[in-house]
Amino acid sequence: MYENMNEMQMQAVCQTQGPVLILAGAGSGKTRVLTHRAAYLIEEKGVSPYHIMAITFTNKAAGEMRDRIDQIVGLGSESIWVTTFHATCVRFLRRFADRIGYDTRFTIYDADDQKQLMKDICKRLSIDTKNFSERMFLNAISHAKDELIDEVTYQTHAQGDFKKQKIGEVYAEYQKMLRKNNAFDFDDLIMKTVELFRKDAEVLQGYQERFRYIMVDEYQDTNTAQFTLIQLLASKYGNLCVVGDDDQSIYKFRGANIRNILNFEHYFPDAAVIKLEQNYRSTQNILNAANAVISNNVGRKAKSLWTDNPSGAPVEFRQFYTASDEAAYIVEDIKEKVKSGGYVYQDCAILYRTNAQSRLFEERFIVSNIPYKIVGGINFYARKEIKDLLAYLKTIDNAKDDLAVRRILNVPKRGIGATTMAKVQEYALDHDISFYYALRGASEIPSLGRAAAKIQPFVTFIQTMRSKVGEISLSDLLSEIIESTGYIKELELEGSEEAQSRIENIEELQGKLRTYEQNEEQPTLSGFLEEVALVADVDKLDDKSDYVTLMTLHSAKGLEFPNVYLAGMEDGLFPSYMSITSDNAKEEVEEERRLAYVGITRAKENLTLTCAKQRMVHGKTQYNRLSRFVEEIPAEYLQSKFPSAQTQKEHKRQSPNLKQKALEQFRAKPAVTVLSKPSSGGEKADLGYDAGDLVEHRKFGKGTVVKIIPGGRDFEVTVQFEQAGVKKMFAGFAKLKRVQE
DNA sequence: TTAAGTTAAGTTTTT
DNA sequence: CTTAACTTAA
């Protein structure tokens, strides 16, 4: 079983006692190490599978780990606890949430629900959302929760800071509403579990006793709350094995605390540290490119990834005039690779920074009749029709979930509008009852008048359905909801293509519910809703049929493909505009660079980087310079190909130190000729400078042009000044002058 | 009072 | 380009 493993991997497997930090570079076989470690614990150390826990971030990773553990371990493997952080916490809370004053039959709020709730709160507290957006509040609250700061603590630390005080106020109200709706948001799941463990020694000890060997995957992405959770669980036996790669930490925006991995040895002084540095996945060229890029980051753990693999084809770089050209090329290239390169569609993946980029590819794939699958984007369960039907199920399941009730009260149209809704809400608030409870007593609400009669049938319907729970199967229940509300019928009547796809989605939901019923020994409504709440789309990648995969770089972590295309390699897109212009741009660009590293290291055999000079973003044409990450790859590993055959020849066979010059030369030939075509509104050449050029402003001094957006008769130019920071200005007024570097 | 029709604003990444 | 907020007609 262990004969194919290298020395370091073997060491990682056998180091079973005490804290262990495994620094596993990309493609170094960390999943293999983890799965074999589980097998080793059971077979060589006689540990009961019941005492082993493996924790990951995504359901997809958990599923994969589950499969591979099952294969290797065989009998008894099902007792090993393999899940995500969030799923783990839900299981804990379902059992013990009542010990910290919650109902164990809580619902879980997704981003949409949170936003809705926050909107209500801002309205009620009469907050001017022009100054403080709902989003800002939610972000602040989420960050606080990642750091285990509850609303009370937050408020005590907010003294003297107006904005923080406001946030504290909203935070407190938000928590109050969640509790009232008997709901947790995603961050609560972790934070409240920690609270449970801290408050209830009995519960904690129970789980400590159970999970004697804990393994954490993608450890670099843990936030403070998750770290604390793990620490609490492991603090009795101390057998904590974490696997991660600081170079692949890409979830800082979600609170990931990179110090967790950098300071692991500080938290656990007796920790064994094992480095896995041999890459089994990629060719040398790809790996060299990745190493070159990531070496521009400071503050990394020292490590040098190497491989025995052949050097392989050089990394390809291509620039196009427009984003559609880019898409067309990639799709054609995939077609070609499948036709004569001996690959199948499954071997190909297109990775991009933002979900919005997927559309162009999608259009192209449809035209070319190539099967494709887009991962992520709008989560299946976030779709209108699905959320509507789920809201019915939630209402039937948990009468306290106001959000769900309000969502469906007028879906389908029952003639109940905002005014009626507001009156019921007010009544519920005044009498301190749930929204649904107020609806049940609608006739008692004086202000409603005739509107009360419209509510009655809805209440009757929900009550009827409730009485049927447990008597009929869940899928029958759903069918009855669809039938009674006429949901599908209404869509059929609409007859549009969009309506058709909605119907298909609903059918898929019915299918999922049936699958759930078959797989579960004791299917319950709550159980299904919970499963649904924790599932992101990334998870349902199945490998039965052949298709090209499209996804964001974030979603791609942990995956690998023979042929990878990194699209949209442009400054302003990747690294994102947000990161470049941020106050601490340095740090944020480093995170983007890690993301680039993750992207590059997904490729096993062929890697193609592409970018476009001209791209539509939010309905506006934008001109970006090529990504700095491309420039960071030494020319010896890179083969640059350009739209014209001439330039292509010029760039072959360059020595590495010519790299910079070559790229400059290449940039110095902007697509002016193309862009000045009257078609695309680009009277561009007039400005005398282009994105990426160094310019001078008479007040702000020197700076680099980040972005140029044509608008009306003028251009909006964004410039990153060396001294003055980032400024947006109109070209007509700014009188920018190009200067030589 | 509701619902359709029109106009304005915002936009990274995700469990 | 999409989604949310406004206006106006029924």
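Each chain gets a letter, A, B and so on, in the order its sequence line appears, and its residues count up from 1. All heavy atoms count here, side chains included; hydrogens, waters and symmetry mates do not.
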Next on the checklist: We want to know whether Tyr219(A) and Asn260(A) form a side-chain donor-acceptor pair, criterion being a heavy-atom distance below 3.5 angstrom.
Outcome noted: no
Item to check | Test item: side-chain donor near acceptor, Asp187(A) and Ser142(A), under 3.5 Å | outcome: yes
Checklist entry - How do His554(A) and Gly417(A) order along DNA chain B: which one's closest nucleotide is nearer the 5' end? => result Gly417(A)
Checklist entry - Of the candidate nucleotides dT14(B), dA5(C), dA3(B), which contains the atom at the shortest distance from the side chain of Asn410(A)? => result dA3(B)
Next on the checklist: Measure CG/Leu351(A) against P/dT14(B) and give the value in whole Å, please.
Outcome noted: 12 Å
Checklist entry - OP1, OP2 of dT12(B) versus side-chain N and O of Thr552(A): anything below 4.0 Å? => result no
Checklist entry - Which of parallel (below 30°), tilted (30 to 60°) and perpendicular (above 60°) describes Phe528(A) and Tyr516(A)? => result tilted
Checklist entry - Out of Arg615(A), Gln622(A), Arg628(A), Arg353(A), which residue meets the side chain to side chain donor-acceptor pair (under 3.5 Å) rule with Glu570(A)? => result Arg615(A)
Checklist entry - With respect to the phosphate group of dT15(B), does any side-chain polar atom (N or O) of Asn223(A) fall under 4.0 Å of OP1 or OP2? => result no
Next on the checklist: Using a 4.0 Å heavy-atom cut-off, does Lys115(A) contact any base of the nucleic acid, only the sugar-phosphate backbone, or nothing at all?
Outcome noted: nothing
Checklist entry - What nucleic acid atoms does Ser579(A) come within less than 4.0 Å of, heavy atoms only: base, sugar-phosphate, or nothing? => result nothing
Checklist outcome for this item: Against the side chain of Thr354(A), the closest entry in dT14(B), dT12(B), dT1(B) is dT12(B)
Item to check | For DNA chain C, stems built from three or more consecutive Watson-Crick or G-U wobble pairs below 3.5 Å | outcome: B:1-10 with C:1-10
Checklist entry - Does Asn355(A) place a side-chain N or O at less than 4.0 Å from the phosphate oxygens OP1/OP2 of dT11(B)? => result no
Checklist entry - Taking only N and O in the side chain of Thr420(A), is any of them less than 4.0 Å away from OP1 or OP2 of dT1(B)? => result no
Item to check | d(CD1, Ile55(A); C1', dT15(B)) in whole Å | outcome: 13 Å
Next on the checklist: Nearest heavy atom decides the nucleotide; on that basis, is Ile416(A) or Phe85(A) closer to the 5' end of DNA chain B?
Outcome noted: Ile416(A)
Item to check | Euclidean distance, Arg414(A) CZ relative to Ile455(A) CD1, rounded to 0.5 Å | outcome: 10.5 Å
Next on the checklist: Distance check needed: dT2(B) C1' versus Lys454(A) NZ, whole Å only.
Outcome noted: 7 Å
Checklist entry - Just checking Tyr251(A): base, sugar-phosphate only, or nothing, at a heavy-atom cut-off of under 4.0 Å? => result sugar-phosphate
Item to check | side chain to side chain contact (heavy atoms under 4.5 Å, CB included) against Lys123(A), all qualifying residues, sequence neighbours excluded | outcome: none
Next on the checklist: Mind checking if Asp187(A) touches a base, just sugar-phosphate, or nothing, with heavy atoms under 4.0 Å?
Outcome noted: nothing
Item to check | Residue-phosphate contact under 4.0 Å: Arg135(A) side-chain N/O, dT12(B) OP1/OP2 | outcome: yes
Checklist entry - Considering only the P atoms, how many Å lie between dA4(C) and dT13(B), rounded to the nearest integer? => result 16 Å
Checklist entry - Expressed in whole Å, how much space separates the P atoms belonging to dT11(B) and dC6(C)? => result 16 Å
Checklist entry - Which listed nucleotide (dT12(B), dA3(B), dT15(B)) is nearest to the side chain of Lys413(A)? => result dA3(B)
Checklist entry - For Gln114(A) and Lys119(A), does a side-chain donor sit closer than 3.5 Å to a side-chain acceptor? => result no
Checklist entry - Starting at CZ of Phe253(A) and ending at P of dT13(B), how long is that distance when rounded to a whole Å? => result 8 Å
Checklist entry - Counting just side-chain N and O atoms, does Thr419(A) come under 4.0 Å of either OP1 or OP2 of dT2(B)? => result yes
Checklist entry - Base, sugar-phosphate, or nothing for Leu553(A), non-hydrogen atoms under 4.0 angstrom? => result nothing
Checklist entry - Just how far, in rounded Å, is C1' of dT14(B) from NE2 of His143(A)? => result 12 Å
Next on the checklist: More than 12 heavy atoms of other residues, nucleotides or ligands under 6.0 Å from CZ of Arg94(A): yes or no?
Outcome noted: yes
Checklist entry - With a 4.0 Å cut-off on heavy atoms, is Lys423(A) in touch with a base, just the backbone sugar-phosphate, or nothing at all? => result sugar-phosphate
Checklist entry - Is it the case that Tyr321(A) and Glu326(A) place a side-chain donor and acceptor less than 3.5 Å from each other? => result no
Next on the checklist: Can you tell me which nucleotide in dT1(B), dT12(B), dT15(B) comes closest to the side chain of Ser576(A)?
Outcome noted: dT12(B)
Item to check | Presence of Asn59(A) side-chain N/O under 4.0 Å of dT15(B) phosphate oxygens OP1/OP2 | outcome: no
Checklist outcome for this item: Which of dA3(B), dC1(C), dT13(B) is nearest the side chain of Arg359(A)? It is dC1(C)
Checklist entry - So what does Arg594(A) hit on the nucleic acid, given a heavy-atom distance under 4.0 Å: a base, only sugar-phosphate, or nothing? => result nothing
Item to check | Separation of dT11(B) C1' from Arg353(A) CZ (nearest whole Å) | outcome: 13 Å
Item to check | Tyr352(A): ring pair (Phe, Tyr, Trp, His ring centres under 6.0 Å) partners, not counting sequence neighbours | outcome: none
Checklist entry - Over how many whole Å does the gap from Ile190(A) atom CD1 to dT15(B) atom C1' extend? => result 8 Å
Next on the checklist: Would the base of dT15(B) count as contacting Arg254(A) through its side chain, where contact means a donor and an acceptor less than 3.5 Å apart?
Outcome noted: no
Checklist entry - Roughly, in whole Å, what's the span from CG in Leu138(A) to P in dT14(B)? => result 17 Å
